[in-house]
Amino acid sequence: MKKITFLFVLLLSTVTMTAQQPMDVDSLLHRLDQLKHTPFSFNMILDQHFTLQEQAALNQYFASQSISYPNTSSLNADLFYALDIRNNGIFGTLNGTPPFNTFNEIATNGLNAFADDFSGLGTLYALSFDSGSGISNLVTVDVSTGSFSVVDNVAGLLAGHTPTGLSYNADDDIMYALSSNGNSTQLYTVNLITASITPVGSGTGNSLGIWLEIDTAGNAWMADITTDSLYSVNLTSGTSSVIGPLNIDINFAQEVTYDEVNDELVMAAYTGGGTGGIYRINTATGLASFIGETNALNAQFGMFSASMNPLSVEDNLAQLVKVYPNPMTTVLFIEVPSGIDISNIVIYDVLGRQAETKFRDGSIDVTALASGIYLLQLNTASGTITQKLVKQ
């Protein structure tokens with residue numbers, strides 16, 4: 001009986017010693033390194049490929065690697081709207097001045113989104129994704145409350161693809177999207193009313209385009225986390241051209257925004273395990289310049305959009321509505337995007353008298369108007385636009 005007891009105690013002691021042996025972090029990091037080029041979040045990769053004990057060891061390792069870098073300069077934006085997909089979908093703001101060690105929570109909405117941007121009318125849109133069902137939704141996010149509303153399921157996403165980018169083009173009033181399956185990347189146009197997306201071309205030529213951003217001149221940019229380089233994207237053909245290396249190792253889902261005042265891209269770069277930083281990107285060379293780390297936040301941003309000085313309703317409308325030619329001769333054309341209803345259009349002369357004109361099929365016959373200066377007043381349910389016109 002004593003021999004059996006002794007043998008049991010010996011076996012128990014051996015098991016306990018084995019369980020207490022330190023985890024081989026190097027082997028875990030090697031496995032993780034094979035999975036880092038993915039459009040998914042860091043947590044999603046951990047859940048799918050590592051045990052809870054291994055996840056704890058990896059997170060502990062990354063937490064110990066936090067390094068303090070010297071801060072360089074603040075950004076033009078007062079703050080950024082962001083979604084932390086590492087910590088249960090926390091929506092909030094990040095101040096535009098480093099150090100980036102405080103995330104101002106607005107609400108925990110549980111959203112799992114890897115791409116976002118403001119539309120021309122100032123609505124924040126995002127593409128959410130459920131890895132279990134493979135379903136993506138187009139949603140709108142209320143920046144004041146953090147709550148989101150589903151527009152509809154995204155129709156047209158390529159099989160096996162995950163949405164990775166979303167960006168509004170003020171030049172043609174179209175929202176564009178990007179998706180990838182880790183081997184190929186596709187550009188789309190987005191219908192913000194139906195949530196349907198339409199492929200542009202047959203692929204960008206990249207394996208993993210991780211975000212998309214378009215400047216005010218209609219130039220589109222994308223980063224590929226397989227090559228860690230910046231690319232320009234042709235919005236007509238859907239193909240891309242390499243600009244140059246970012247010179248940082250970005251991994252997993254992440255986002256970028258456009259600083260309209262300074263005319264530059266600002267990236268919320270993610271490297272893994274809650275580590276990352278804010279960078280400026282030179283669109284001529286691709287080089288990413290460090291501004292400040294975000295390690296203290298232990299966050300991964302799937303949404304990241306600059307909050308600039310907001311345009312008034314009239315300013316937004318003026319950007320969307322096209323009035324041409326000016327000077328005018330015989331016909332004045334007025335193009336208004338779908339969704340904006342015109343209540344009436346009036347043209348006044350310099351004495352404030354209303355000119356006799358009729359708006360029909362998107363144009364006004366101005367042949368009868370005398371040469372001189374006029375004022376166009378366009379009234380819509382969304383606001384009023386006034387514009388000076390010259391008749392030759």
Side-chain angles (χ1 to χ4, degrees), residues 23-50 52-73 75 80 82-105 112-115 164 208 210-211 223-230 245-257 265-281 287-304:
M23 185 81 61
D24 185 356
V25 176
D26 287 340
S27 66
L28 296 181
L29 292 173
H30 178 72
R31 284 168 53 194
L32 183 63
D33 190 61
Q34 308 305 308
L35 302 166
K36 66 182 182 180
H37 293 155
T38 167
F40 300 123
S41 69
F42 181 79
N43 284 6
M44 290 170 67
I45 295 300
L46 289 189
D47 290 340
Q48 294 172 7
H49 299 278
F50 295 88
L52 292 177
Q53 186 180 10
E54 290 172 336
Q55 291 179 39
L58 283 170
N59 282 318
Q60 183 177 5
Y61 167 80
F62 280 109
S64 68
Q65 299 304 302
S66 180
I67 301 173
S68 295
Y69 295 92
N71 296 315
T72 54
S73 62
L75 295 161
F80 301 91
L83 178 75
D84 180 5
I85 56 176
R86 179 168 167 78
N87 295 292
N88 302 317
I90 301 176
F91 183 79
T93 61
L94 185 69
N95 294 335
T97 303
F100 304 111
N101 53 16
T102 302
F103 187 56
N104 309 301
E105 179 178 348
N112 190 45
F114 304 148
T164 59
L208 218 169
I210 199 60
W211 49 247
D224 188 317
I225 61 174
T226 303
T227 63
D228 290 323
S229 295
L230 179 72
L246 295 166
N247 278 0
I248 56 173
D249 184 17
I250 55 174
N251 306 301
F252 309 100
Q254 50 203 282
E255 255 290 46
V256 72
T257 190
L265 302 180
V266 181
M267 176 172 62
Y270 189 71
T271 52
T275 63
I278 307 300
Y279 292 77
R280 286 189 179 93
I281 298 179
L287 183 65
S289 301
F290 176 78
I291 298 173
E293 68 167 29
T294 56
N295 294 1
L297 303 177
N298 186 34
Q300 178 180 4
F301 296 122
M303 292 174 62
F304 186 70

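Starting from 1, each residue takes its place in the sequence as its number.
For the pair Thr257 (side chain) and Val266 (backbone), a donor-acceptor distance under 3.5 Å is absent. With hydrogens and angles disregarded, no donor-acceptor distance shorter than 3.5 Å links the side chain of Thr294 to the backbone of Leu297. Proximity of a side-chain donor or acceptor of Asp224 to a complementary backbone N or O of Ile210 within less than 3.5 Å is not detected. Put simply, the side chain of Gln300 never gets that close to the backbone of Ile85: no donor and acceptor are under 3.5 Å apart. Between the side chain of Arg280 and the main chain of Met267, no donor-acceptor pair closer than 3.5 Å is present. Side-chain atoms of Asn59 come within 3.5 Å of backbone atoms of Gln55 as a donor-acceptor pair (strictly under, hydrogens ignored).
Asn101 pairs by the side-chain hydrogen bond (donor to acceptor under 3.5 Å, both in side chains) definition with nothing, not counting sequence neighbours. With sequence neighbours excluded, the residues satisfying side-chain hydrogen bond (donor to acceptor under 3.5 Å, both in side chains) with Thr271 are Thr275. Legend: residues meeting side-chain hydrogen bond (donor to acceptor under 3.5 Å, both in side chains) with Thr227, ordered by chain and number and at least two apart, are Tyr231. Take Phe42 and apply the ring pair (Phe, Tyr, Trp, His ring centres under 6.0 Å) test, not counting sequence neighbours, and it matches Phe62, Phe252. Considering only residues two or more places apart in sequence or on other chains, Asp249 meets the side-chain contact (heavy atoms from CB on, under 4.5 Å) condition with Lys36, Asp228, Asn251. Under the ring pair (Phe, Tyr, Trp, His ring centres under 6.0 Å) criterion, Phe50 pairs with no residue at all, not counting sequence neighbours. Contacts of Asp47 classified as salt bridge (charged side-chain N to carboxylate O under 4.0 Å, His left out), with partners at least two apart in sequence or in another chain: none. Every side-chain hydrogen bond (donor to acceptor under 3.5 Å, both in side chains) that Asn104 has, sequence neighbours left out, goes to Thr93, Asn95. By the ring pair (Phe, Tyr, Trp, His ring centres under 6.0 Å) test, Phe114 pairs with no residue at all, sequence neighbours left out. Ile90 is linked by a side-chain contact (heavy atoms from CB on, under 4.5 Å) to Asp84, Asn87, Phe103, Glu105, Thr108, counting only residues two or more places apart in sequence or in another chain.
With values rounded to the nearest 0.5 angstrom, Ser289 atom OG is found 13.5 Å from Ile278 atom CD1. In this structure, OG on Ser41 lies 5.0 Å from CE on Met44, to the nearest 0.5 angstrom. To the nearest 0.5 Å, the span separating CG on Asn43 from CD on Gln48 amounts to 11.0 Å. Atom OG1 of Thr164 is separated from atom CZ of Phe40 by 11.0 Å, given to the nearest 0.5 angstrom.
Smallest separation of non-hydrogen atoms from Gly273 and Asn298: O-OD1, 3.8 Å. The two residues Ile250 and Ala269 make their nearest non-hydrogen contact at CG2-CB, 4.0 Å. A pairwise comparison of heavy atoms in Phe80 and Gly96 identifies CE1-CA, 3.9 Å as the closest pair. Glu54 approaches Arg31 most closely through the heavy-atom pair OE2-NH1, 3.0 Å.
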Assess the residue pair Leu94 and Phe100 against the criterion (side-chain contact (heavy atoms from CB on, under 4.5 Å)); give the C-alpha distance rounded to whole Å, side-chain angles, the decisive distance to 0.1 Å, and a yes or no. CA-CA 7 Å; Leu94 185 69; Phe100 304 111; 4.0 Å; yes

Yes or no on side-chain contact (heavy atoms from CB on, under 4.5 Å) for Glu255 and Phe301, after CA distance, side-chain angles and deciding distance? CA-CA 7 Å; Glu255 255 290 46; Phe301 296 122; 5.6 Å; no

For Ile248 and Tyr279, run side-chain contact (heavy atoms from CB on, under 4.5 Å): C-alpha distance rounded to whole Å, both residues' side-chain angles, the deciding distance at 0.1 Å, then the answer. CA-CA 10 Å; Ile248 56 173; Tyr279 292 77; 3.8 Å; yes

Report the C-alpha distance between Phe91 and Met303 in whole Å, list the side-chain angles of each, state the deciding distance to 0.1 Å, and finish with yes or no for side-chain contact (heavy atoms from CB on, under 4.5 Å). CA-CA 9 Å; Phe91 183 79; Met303 292 174 62; 4.1 Å; yes

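Using a 4.5 Å cut-off on side-chain heavy atoms (C-beta onward), Thr38 and Ile45 make contact. With contacts defined as side-chain heavy-atom distances shorter than 4.5 Å, the pair Leu246/Ser229 does not qualify.
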